[in-house]
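Below: one structure, written as structure tokens.
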Amino acid sequence: MTVSFNHTIVYATDKRRSAEFLANVLGLPEPQALWSFMTVSLEDGVALDFATASGPISPQHYAFLVTEDEFDGIFARIQRDGIPYWADPARSRPRQINHNDGGRGVYFDDPDGHFLEAITRPYGSGAS
């Protein structure tokens, strides 16, 4: 059986602002309009389709596995743009990154409070 993740809808107060924020921080191409969405394309055909919500936003968590070089760029953009960041999901270690499983990770919020994460090693992969 082959099952692949294809896309998800991310609700936002302003779909364009949120899609552009994510694309900028992750160093991705500009979001593209697709039907009523602003789409951010990721590796392997995966897409985040941003939609403007008609009511309150329920913050979600989205984690992105990136290379060491990509992490360097992401972290530099977070710092450059003054985006608050943490080393942990409890937000108890502000202005720090983690080194879980021998990699690096950072947590930060998008404009609507979605809790984003960039990691260089999958959790549970060990420090080898």
Side-chain angles (χ1 to χ4, degrees):
M1 175 171 68
T2 302
V3 177
S4 298
F5 185 74
N6 180 259
H7 72 277
T8 193
I9 296 172
V10 180
Y11 288 100
T13 54
D14 180 331
K15 66 185 177 187
R16 181 174 302 277
R17 176 187 67 171
S18 292
E20 288 175 350
F21 173 87
L22 181 66
N24 174 60
V25 170
L26 296 183
L28 297 171
E30 285 290 314
Q32 299 298 307
L34 178 65
W35 301 308
S36 61
F37 304 107
M38 289 303 296
T39 298
V40 175
S41 296
L42 305 174
E43 189 72 22
D44 296 328
V46 175
L48 297 177
D49 295 332
F50 285 81
T52 299
S54 59
I57 304 293
S58 294
Q60 301 294 314
H61 173 66
Y62 300 95
F64 302 92
L65 182 62
V66 301
T67 67
E68 290 289 339
D69 287 341
E70 289 165 337
F71 186 91
D72 289 340
I74 290 165
F75 191 54
R77 288 184 288 277
I78 288 170
Q79 292 179 306
R80 176 197 69 202
D81 295 344
I83 299 168
Y85 62 93
W86 300 266
D88 63 316
R91 299 178 186 180
S92 66
R93 296 169 50 204
R95 296 173 307 283
Q96 298 178 47
I97 64 170
N98 68 56
H99 296 278
N100 298 340
D101 290 293
R104 293 183 291 165
V106 65
Y107 294 83
F108 56 100
D109 288 327
D110 89 339
D112 286 304
H114 293 299
F115 203 35
L116 308 178
E117 177 182 12
I119 55 174
T120 62
R121 297 282 308 249
Y123 290 130
S125 64
S128 59

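Checked against salt bridge (charged side-chain N to carboxylate O under 4.0 Å, His left out), Arg77 has no partners two or more places apart in sequence or in another chain. Residues that satisfy the salt bridge (charged side-chain N to carboxylate O under 4.0 Å, His left out) test with Asp88, not counting sequence neighbours, are absent from this structure. Thr13 pairs by the side-chain hydrogen bond (donor to acceptor under 3.5 Å, both in side chains) definition with Arg17, Asp112, not counting sequence neighbours. Shown here are the salt bridge (charged side-chain N to carboxylate O under 4.0 Å, His left out) partners of Asp81, two or more places apart in sequence or in another chain: there are none. Under the rule for a salt bridge (charged side-chain N to carboxylate O under 4.0 Å, His left out), the partners of Arg91 that lie at least two apart in sequence or sit in another chain are Asp109.
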N/O donor to acceptor pairs below 3.5 angstrom from side-chain atoms of residues 57-76, sequence neighbours left out:
| residue | atom | partner | partner atom | Å |
| --- | --- | --- | --- | --- |
| Gln60 | NE2 | Ser58 | O | 3.3 |
| His61 | ND1 | Phe115 | O | 2.9 |
| His61 | NE2 | Glu117 | OE1 | 2.8 |
| Thr67 | OG1 | Glu70 | N | 3.0 |
| Thr67 | OG1 | Glu70 | OE1 | 3.2 |
| Glu68 | OE1 | Arg104 | NE | 2.9 |
| Glu68 | OE1 | Arg104 | NH2 | 2.8 |
| Glu68 | OE2 | Thr120 | OG1 | 3.1 |
| Glu70 | OE1 | Thr67 | N | 2.7 |
| Asp72 | OD1 | Arg104 | NH1 | 2.9 |
| Asp72 | OD1 | Arg104 | NH2 | 2.7 |

Under 3.5 Å, which donor-acceptor pairs do the side chains of residues 30-46 form with other protein atoms, sequence neighbours left out?
| residue | atom | partner | partner atom | Å |
| --- | --- | --- | --- | --- |
| Gln32 | NE2 | Glu30 | O | 3.1 |
| Thr39 | OG1 | Asp49 | OD1 | 2.8 |

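Between atom CG of residue Leu116 and atom CG of residue Leu26 there is a gap of 7.5 Å, rounded to the nearest 0.5 Å. Once rounded to the nearest 0.5 Å, the distance linking OH of Tyr11 with OG of Ser18 reads 13.5 Å. Separation of atoms CD1 (Ile78) and CZ (Phe108) is listed at 4.5 Å; rounding is to 0.5 Å. In this structure, OG1 in Thr8 is found 10.0 Å from CZ in Phe50, a value given to the nearest 0.5 Å.
The 12-atom threshold is exceeded at CZ of Arg80, counting heavy atoms of other residues, nucleotides or ligands nearer than 6.0 Å.
The cluster map of Ile, Leu, Val, Met, Phe, Trp and Tyr, joined by side-chain heavy atoms under 4.5 Å apart, puts Ile119 and Val25 in different clusters. The hydrophobic cluster containing Phe21 also contains Leu48, counting ILVMFWY residues as joined when their side-chain heavy atoms lie under 4.5 angstrom apart, directly or transitively.
Residue Trp86 comes nearest to Pro94 through the heavy atom pair CD1-CA, 3.5 Å, listed as atom of the first residue, atom of the second, then distance. When all heavy atoms of Ala51 and Ile9 are compared, the closest pair comes out as CB-CG2, 3.9 Å. Nearest approach of Pro29 to Ala23, heavy atoms of both residues: O-CB, 3.5 Å.
Residue pairs meeting the salt bridge (Lys or Arg N to Asp or Glu O under 4.0 Å) criterion with at least one partner in residues 3-15, sequence neighbours excluded, are absent.
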